[in-house]
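One structure is given below, encoded as structure tokens.
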Amino acid sequence: MVDHSFADLSLAALYDRLNPWGPGDDFYLDLVMAAGAVLDVGCGTGRLLRRAYDDGHRGRLMGLDPAAAMLVQARCAAPGVEWVLGDLRTRLWSGEFELVVMTGHAFQVLLHDDELRGCLRAVRDALRDGGRFVFETRNPAARAWETWTPDRVHEVTGADGTAVRVWHEVLGGGPVGDRVTFTETFDGAGWNRPRVSRATLRFLDPDSLSGFLTEAGFEVLEQYGDWRRGPVTDRGPEIITVAGKGSSRV
């Protein structure tokens, strides 16, 4: 099921304002610009591929997302990119891409082992021999969810010029196993009541991620703890994984 904050047009329009371009986007953009054919799984508003196209990438760029409201943003901004509504089950893949990416911690919405394994099989099918799959997840050792509290309010200005306040709240007192469920609340003068979205994310440690990837036939080439390509540590916020199909190297 698509998260409400991605399915609602008015909320989808806020996404890029709430998540401004940063070091992670630069990291992925470098990879995209160096690859001839790229699939962005869970592309959202398509910001990464839009930027690549604007910067002169003229190979194949495909953005895939199950949230129609997010793809509205993408199609309006970059009609020259191939935007596809759906997920990895939408079609049969046949080694079309040199690079597959999942940005914005999208990998963490894969909550169940079978779902995760199905995703990895599809990604592997989509990659050419020697291709790479690159994605990031939040490092569970850094316990990011402890900062998802109602007192930490983000405020952005909507397209109509009105202020929107956004905050998060973890449900159930914290993680249940490797999963964290939380709400995201949007409140603005243009709405008669706050809009609340509920989501669950899975936090896998590096060894667990590597185990799933190896089982699916990938080779884990690198894992980084930050966007400067530092090592994974207990304090590092990210686990950025570069996995290869075949003999690819970073």
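We number each residue from 1, following the sequence as shown. The model shown is predicted, which means the values in this text are computed figures rather than measured ones.
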Let me confirm one number: the [atom1]-[atom2] distance from [X] to [Y], rounded to the nearest 0.5 Å.
{"X": "Leu61", "Y": "Leu39", "atom1": "CG", "atom2": "CG", "result": "10.5 Å"}
{"X": "Ile239", "Y": "Asp205", "atom1": "CD1", "atom2": "CG", "result": "6.5 Å"}
{"X": "Leu64", "Y": "Trp93", "atom1": "CG", "atom2": "CH2", "result": "5.0 Å"}
{"X": "Leu48", "Y": "Thr45", "atom1": "CG", "atom2": "OG1", "result": "9.5 Å"}
{"X": "Thr103", "Y": "Arg47", "atom1": "OG1", "atom2": "CZ", "result": "8.0 Å"}
{"X": "Arg50", "Y": "Arg75", "atom1": "CZ", "atom2": "CZ", "result": "13.5 Å"}

For [X] against [Y], the heavy-atom pair lying closest together:
{"X": "Cys43", "Y": "Leu71", "value": "SG-CD2, 3.7 Å"}
{"X": "Val242", "Y": "Arg132", "value": "CG1-CD, 4.1 Å"}
{"X": "Leu120", "Y": "Ala216", "value": "CB-CB, 3.7 Å"}
{"X": "Pro140", "Y": "Trp145", "value": "O-CH2, 3.5 Å"}
{"X": "Glu155", "Y": "Ala163", "value": "OE2-CB, 3.7 Å"}
{"X": "Arg235", "Y": "Ala142", "value": "O-CB, 4.4 Å"}

Considering only heavy atoms from C-beta outward, does the side chain of [X] approach that of [Y] to under 4.5 Å?
{"X": "Leu18", "Y": "Tyr15", "result": "no"}
{"X": "Val100", "Y": "Val38", "result": "no"}
{"X": "Leu171", "Y": "Thr183", "result": "yes"}
{"X": "Asp187", "Y": "Val164", "result": "no"}
{"X": "Arg152", "Y": "His168", "result": "no"}
{"X": "Pro206", "Y": "Val232", "result": "yes"}
{"X": "Val81", "Y": "Trp83", "result": "yes"}
{"X": "Val196", "Y": "Phe186", "result": "no"}

Open item on the list: Test side-chain contact (heavy atoms from CB on, under 4.5 Å) on Phe135 and Thr137; report intermediate values, then the result.
Closed with: CA-CA 7 Å; Phe135 64 97; Thr137 62; 4.0 Å; yes
Task: Stepwise side-chain contact (heavy atoms from CB on, under 4.5 Å) check, Leu31 with Leu99 - done: CA-CA 8 Å; Leu31 296 175; Leu99 175 69; 3.9 Å; yes
Going hydrophobic residue to hydrophobic residue with side-chain gaps under 4.5 angstrom, can you get from [X] over to [Y]?
{"X": "Val101", "Y": "Val123", "value": "no"}
{"X": "Val166", "Y": "Val153", "value": "no"}
{"X": "Val41", "Y": "Met70", "value": "no"}
{"X": "Leu201", "Y": "Leu209", "value": "no"}
{"X": "Leu49", "Y": "Met102", "value": "no"}

- [ ] Decide side-chain hydrogen bond (donor to acceptor under 3.5 Å, both in side chains) for Thr241 and Gln223; before the verdict, give the C-alpha distance in whole Å, the side-chain angles of both, and the deciding distance to 0.1 Å.
- [x] CA-CA 5 Å; Thr241 300; Gln223 284 185 320; 3.2 Å; yes
Donor-acceptor contact below 3.5 Å, side chain [X] vs main chain [Y]:
{"X": "Arg124", "Y": "Gly217", "answer": "yes"}
{"X": "Asn19", "Y": "Asp16", "answer": "no"}
{"X": "Asp65", "Y": "Gly44", "answer": "yes"}
{"X": "His112", "Y": "Asp114", "answer": "no"}

Are [X] and [Y] ion-paired here, with the side-chain N under 4.0 Å from a carboxylate O?
{"X": "Asp125", "Y": "Lys245", "result": "no"}
{"X": "Glu96", "Y": "Arg128", "result": "no"}
{"X": "Glu82", "Y": "Arg60", "result": "yes"}

Is there a donor in the side chain of [X] and an acceptor in the side chain of [Y], or the other way round, less than 3.5 Å apart?
{"X": "Trp21", "Y": "Asp26", "answer": "yes"}
{"X": "Ser210", "Y": "Asp207", "answer": "no"}
{"X": "Glu136", "Y": "Tyr28", "answer": "yes"}

Open item on the list: I want to know whether Trp167 and Phe182 have ring centres closer than 6.0 Å.
Closed with: no
Open item on the list: Are more than 12 heavy atoms, taken from residues, nucleotides or ligands other than Arg228, located less than 6.0 Å from that residue's CZ atom?
Closed with: no
Open item on the list: Please verify the inter-ring angle class for Phe218 with Phe133; under 30° counts as parallel, over 60° as perpendicular, anything in between as tilted.
Closed with: tilted
TODO: Using the six-membered ring wherever Trp is involved, compare the ring planes of Trp148 and Phe203 and label them parallel, tilted or perpendicular (cut-offs 30° and 60°).
DONE: tilted
Open item on the list: Is the positively charged end of Arg193 above the ring of Trp191, judged by distance under 6.0 angstrom from the centroid and angle within 45° of the axis?
Closed with: no
TODO: Quick one: list whatever passes ring-ring contact (aromatic ring centres under 6.0 Å, His included) with Phe97, sequence neighbours left out.
DONE: none
Open item on the list: Would Glu238 and His105 count as a side-chain contact (heavy atoms from CB on, under 4.5 Å) here? Give the steps.
Closed with: CA-CA 9 Å; Glu238 308 286 353; His105 305 107; 2.9 Å; yes
Open item on the list: Between Arg202 and Asp113, does the salt bridge (Lys or Arg N to Asp or Glu O under 4.0 Å) criterion hold? Intermediate values first, please.
Closed with: CA-CA 11 Å; Arg202 189 174 187 184; Asp113 288 358; 2.9 Å; yes
Task: Test log, rule salt bridge (Lys or Arg N to Asp or Glu O under 4.0 Å), inputs Glu215 and Arg117 - done: CA-CA 9 Å; Glu215 178 188 334; Arg117 290 185 176 111; 2.7 Å; yes
Open item on the list: Arg165 vs His154, test: side-chain contact (heavy atoms from CB on, under 4.5 Å). Steps then yes/no.
Closed with: CA-CA 6 Å; Arg165 301 169 68 248; His154 306 276; over 6 Å; no
